[in-house]
**Q** 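Pasting a structure here, questions to come.
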Amino acid sequence: MTSKTLIDPQTFGELQANAGADFVVELVDTFATEAPTLVAEMRAALAAGAAERFRRAAHSLKSNSNTFGAGVLAEQARALELGGLPADAAPLDALKAELERSVAALRDLARG
């Protein structure tokens, strides 16, 4: 997948137009740092059987992903948010892989 298929160019372009391209670089870097902690929180919540904690972390990841136009990542997070605790960590492994792809695409787009 290319950066443009992982990230909605219109949403990302609007973010750059509204916030400024330089600030978007900072936002992407912050997302790249904080989003993995949300996935780690989801893993910890799954291990603890803490459904509400899991849901909140998934919701935060979904919302942040939508801000950047990372639709595939947002949809995976939404499914986890609404689906309750998964039977195992496989969906979180898939989410982590999608997060890594999305962050790489966001960095490419933010740095032009």
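Values reported hereafter were calculated over all heavy atoms of this structure, with side chains retained and with hydrogens, waters and symmetry mates removed.
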**Q** With a 4.5 Å cut-off on side-chain heavy atoms, are Leu27 and Thr67 touching?
**A**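 No, too far: nothing below the 4.5 Å cut-off.
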
**Q** Specify the closest pair of heavy atoms between Asp8 and Thr11, including all atoms of both residues, with the distance to one decimal.
**A** OD2-OG1, 2.5 Å

**Q** Rounded to the nearest 0.5 Å, how far does CG of Leu38 lie from NZ of Lys96?
**A**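 Going from the NZ atom of Lys96 to the CG atom of Leu38 covers 14.0 Å.
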
**Q** Can you list the steps and then say if Arg101 with Glu98 is a salt bridge (Lys or Arg N to Asp or Glu O under 4.0 Å)?
**A** CA-CA 5 Å; Arg101 285 189 293 273; Glu98 185 60 36; 2.7 Å; yes

**Q** How long is the span from the NE2 atom in His59 to the CG atom in Asn64, to the nearest 0.5 Å?
**A**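 Output value for this atom pair is 9.0 Å.
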
**Q** Count I, L, V, M, F, W, Y as connected when their side-chain heavy atoms are under 4.5 Å apart, and connections chain through other members. Are Val25 and Ile7 then in the same cluster?
**A** no

**Q** Compare every heavy atom of Gln16 with every heavy atom of Val24, then report the nearest pair and how far apart it is.
**A**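 Looking at all heavy atoms of both residues, the closest pair is CG2-CA, 3.7 Å.
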
**Q** If you take all heavy atoms of Ala35 and Leu99, which pair is closest and at what distance?
**A**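 Closest approach of Ala35 to Leu99: CB-CD1, 3.6 Å.
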
**Q** Okay, side chain of Thr37, backbone of Glu34: is any donor-acceptor separation there less than 3.5 Å?
**A**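 Answer holds: yes.
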
**Q** Using side-chain contact (heavy atoms from CB on, under 4.5 Å) as the criterion, point out the one residue from Leu6, Leu73, Val28 that pairs with Leu106.
**A** Val28

**Q** Is the shortest side-chain N to carboxylate O distance from Arg55 to Glu52 below 4.0 Å?
**A** yes

**Q** Hydrophobic cluster membership, with links at side-chain heavy-atom distances under 4.5 Å among I/L/V/M/F/W/Y: are Leu95 and Leu82 in one?
**A** no

**Q** For the CG atom on Asp22, are there more than 12 heavy atoms of other groups (residues, nucleotides or ligands in this structure) within a distance under 6.0 Å?
**A** no

**Q** Step by step, would you call Arg43 with Asp93 a side chain to side chain contact (heavy atoms under 4.5 Å, CB included)?
**A** CA-CA 10 Å; Arg43 282 188 195 282; Asp93 296 339; 2.7 Å; yes

**Q** Which pair of non-hydrogen atoms, one from Ala32 and one from Val103, has the smallest distance, and what is that distance?
**A**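 Taking every non-hydrogen atom into account, CB-CG1, 3.6 Å.
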
**Q** Minimum heavy-atom separation for Ala74 and Lys62, please, with both atom names.
**A** O-CG, 3.6 Å

**Q** For the residue pair Arg53 and Ala48, what are the closest heavy atoms and their distance?
**A**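 Nearest pair, atom of Arg53 first, then Ala48: NH1-CB, 4.3 Å.
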
**Q** Around Arg107, counting heavy atoms of other residues, nucleotides and ligands shown, do more than 12 lie under 6.0 Å from its CZ?
**A**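 Yes, enclosed.
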
**Q** Once you round to the nearest 0.5 Å, how far does OG1 of Thr30 lie from CZ of Phe23?
**A**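 Thr30 OG1 to Phe23 CZ: 7.5 Å, rounded to 0.5 Å.
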
